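Inspection log for the structure reproduced underneath, given as structure tokens.
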Amino acid sequence: MASVSYKNVMKSYGDNIVIKDLNIEIADKEFVVFVGPSGCGKSTSLRMLAGLEEISAGEIWIGDRVVNDVPPKDRDIAMVFQSYALYPHMTVYDNMAFGLKLRKTPKAEIDKRVKEAAAILGLDDLLDRRPKALSGGQRQRVAVGRAIVREPAVFLMDEPLSNLDAKLRVSARAEISKLHQRLQTTFVYVTHDQVEAMTMGDRIAVLNFGDLMQIDSPRNLYENPNNIFVAGFIGSPSMNFFDATLVKEEGNMFIDTGSFRLPVPAERANVYADYVGKEVIFGIRPEHLHGADYAPPNINAAALEADIDVIELLGHELHLYLSKGKASFVATVDTRLAPSVGDKVNLVADMNNMHLFDKATEQTIR
């Protein structure tokens, strides 16, 4: 078991800086997910921790030692890759045992560890099969099993579910979360899928263009994003953003988008006082726009009418793609609404869940 620390870590390829100044503390037994769009540096950060990429500056710690110059095999880590890289000529048992054989682990200990890992992952009946006889989900479990038998201090996983179909990904997410709870080991996990990140991580590190945008619990990232990037990346469908001006009339404050005007809750007026008369960016999540007839009680409701352009039925909810003047946005509403394309719909915005961002810096106004 071990903690992990990135201290002022930088990675560049010539003039191309991939990781700028990464500082992250990961506690022992914590499950931390690195998430962000393609090219943001998340896999490079993981590969530096594994020793597969040299760092250009800074220090990486595993437990109480700096591992910058420690070979991968001596870092006490195990990694699961996007491609499972199983040996096709070996059985499941031999694939899982291979790393231990290289370490000259006693045969009885190898057998014990492989069978324990197989029991944890439900692979008991597949140990004599070769990879070509396995489904994608089974191969993924074998790759995880090969890491488990190493009994490492830190598990590293680089998009291990991206080759699975949507249904399998959901069940595999739950399996990996249960595995973390059972093994009580530090997990560092990379994904581009924010739903995966939100459902699995104790904390999530959101990266963009080599910068750490925010690291926090899933709930805090969702409710209190630091900036427009985090607000837009976390949540599905993503947050609606509107160019707006903050205005004050007769003691009341309003958000004016040019297409509609919404009142700012009185308790937030002091927070936004310095921005009156200035251009801002107003954000609200689709799930905080409700059909007026089915809005939950006790919300700070502001009325809004819009035209319906597209309807998506997801069984348990409706996604309405809407327009109002020059503004286009999405609302997630109750399926009892039953609207049609081209209809006007009466909505209420829950202004207790509004977000306001500085237009120049794109940082949240708190």
Side-chain angles (χ1 to χ4, degrees), residues 1-6 24-35 42 45-46 49-50 61-63 75-82 84 92 95-96 99-100 109 112-127 135-206 215-223 234 236:
M1 311 301 165
S3 59
V4 170
S5 299
Y6 292 83
I24 295 177
E25 297 287 336
I26 300 171
D28 182 25
K29 303 179 185 177
E30 191 174 20
F31 194 133
V32 169
V33 180
F34 289 1
V35 70
K42 56 190 184 295
S45 300
L46 195 75
L49 176 56
W61 292 65
I62 298 177
R75 293 194 180 197
D76 201 10
I77 54 95
M79 189 158 180
V80 180
F81 295 92
Q82 181 176 352
Y84 307 135
V92 167
N95 265 285
M96 291 171 66
L100 297 179
E109 178 67 13
K112 172 174 171 285
R113 290 198 199 178
V114 168
K115 287 180 177 174
E116 282 178 355
I120 289 170
L121 295 166
L123 296 171
D124 311 69
D125 298 333
L126 305 177
L127 290 175
S135 68
Q138 289 167 336
R139 290 178 194 176
Q140 183 260 340
R141 280 186 279 154
V142 175
V144 172
R146 186 174 53 190
I148 289 175
V149 298
R150 297 269 307 275
E151 296 183 354
V154 183
F155 276 96
L156 310 181
M157 296 191 172
D158 190 4
E159 306 216 31
L161 309 185
S162 59
N163 291 334
L164 303 181
D165 62 50
K167 186 176 180 182
L168 260 180
R169 277 205 306 273
V170 173
S171 59
R173 282 201 316 249
E175 282 184 20
I176 290 175
S177 294
K178 285 190 285 188
L179 183 64
H180 172 249
Q181 292 165 15
R182 184 166 180 170
L183 297 178
Q184 290 292 292
T185 307
T186 308
F187 274 54
V188 185
Y189 187 103
V190 162
T191 181
H192 65 275
D193 184 339
Q194 56 93 13
V195 175
E196 230 171 80
M198 292 288 284
T199 53
M200 296 175 75
D202 296 325
R203 285 190 302 153
I204 301 169
V206 183
I215 180 167
D216 217 325
S217 68
R219 179 179 289 275
N220 278 338
L221 283 178
Y222 177 83
E223 293 181 350
I234 298 296
S236 181

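Note that the coordinates shown come from a computational prediction; the quantities given were computed from them, not determined experimentally. The basis for the numbers below is simple: all heavy atoms, side chains too, and nothing from hydrogens, waters or symmetry mates.
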I need the [X] [atom1] to [Y] [atom2] distance, nearest 0.5 Å.
X    : Y    : atom1 : atom2 : value
M79  : L49  : CE    : CG    : 8.5 Å
S5   : I26  : OG    : CD1   : 8.0 Å
R146 : L100 : CZ    : CG    : 11.5 Å
M157 : L46  : CE    : CG    : 10.5 Å
S217 : E223 : OG    : CD    : 8.0 Å
L168 : E175 : CG    : CD    : 8.5 Å

Side chains of [X] and [Y], heavy atoms from C-beta outward: is any pair under 4.5 Å?
X    : Y    : answer
W61  : S3   : no
I62  : D76  : no
Y189 : L161 : yes
V170 : R173 : yes
L179 : F155 : no
M198 : I234 : yes
I176 : Q140 : yes
K42  : E159 : yes

Checking the side chain of [X] only, and the main-chain atoms of [Y] only, is there a donor and an acceptor separated by less than 3.5 Å?
X    : Y    : result
N95  : A143 : no
E151 : I148 : no
T186 : A2   : yes
R203 : I215 : no
R169 : S162 : no
D202 : F31  : yes

Write down the atom of [X], the atom of [Y], and the distance for their closest heavy-atom approach.
X    : Y    : result
S177 : M200 : OG-CG, 3.8 Å
V114 : M96  : O-CE, 3.8 Å
N220 : D216 : ND2-OD1, 3.2 Å
K29  : Q184 : CG-O, 3.4 Å
V80  : A147 : CG2-CB, 3.9 Å
L164 : G137 : CD2-N, 3.7 Å

### Task
Report the C-alpha distance between V33 and E196 in whole Å, list the side-chain angles of each, state the deciding distance to 0.1 Å, and finish with yes or no for side-chain contact (heavy atoms from CB on, under 4.5 Å).
CA-CA 9 Å; V33 180; E196 230 171 80; over 6 Å; no
#### Entry: Ring geometry between F187 and H180 (parallel below 30°, tilted from 30 to 60°, perpendicular above 60°)
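Answer is perpendicular, since the angle exceeds 60°.
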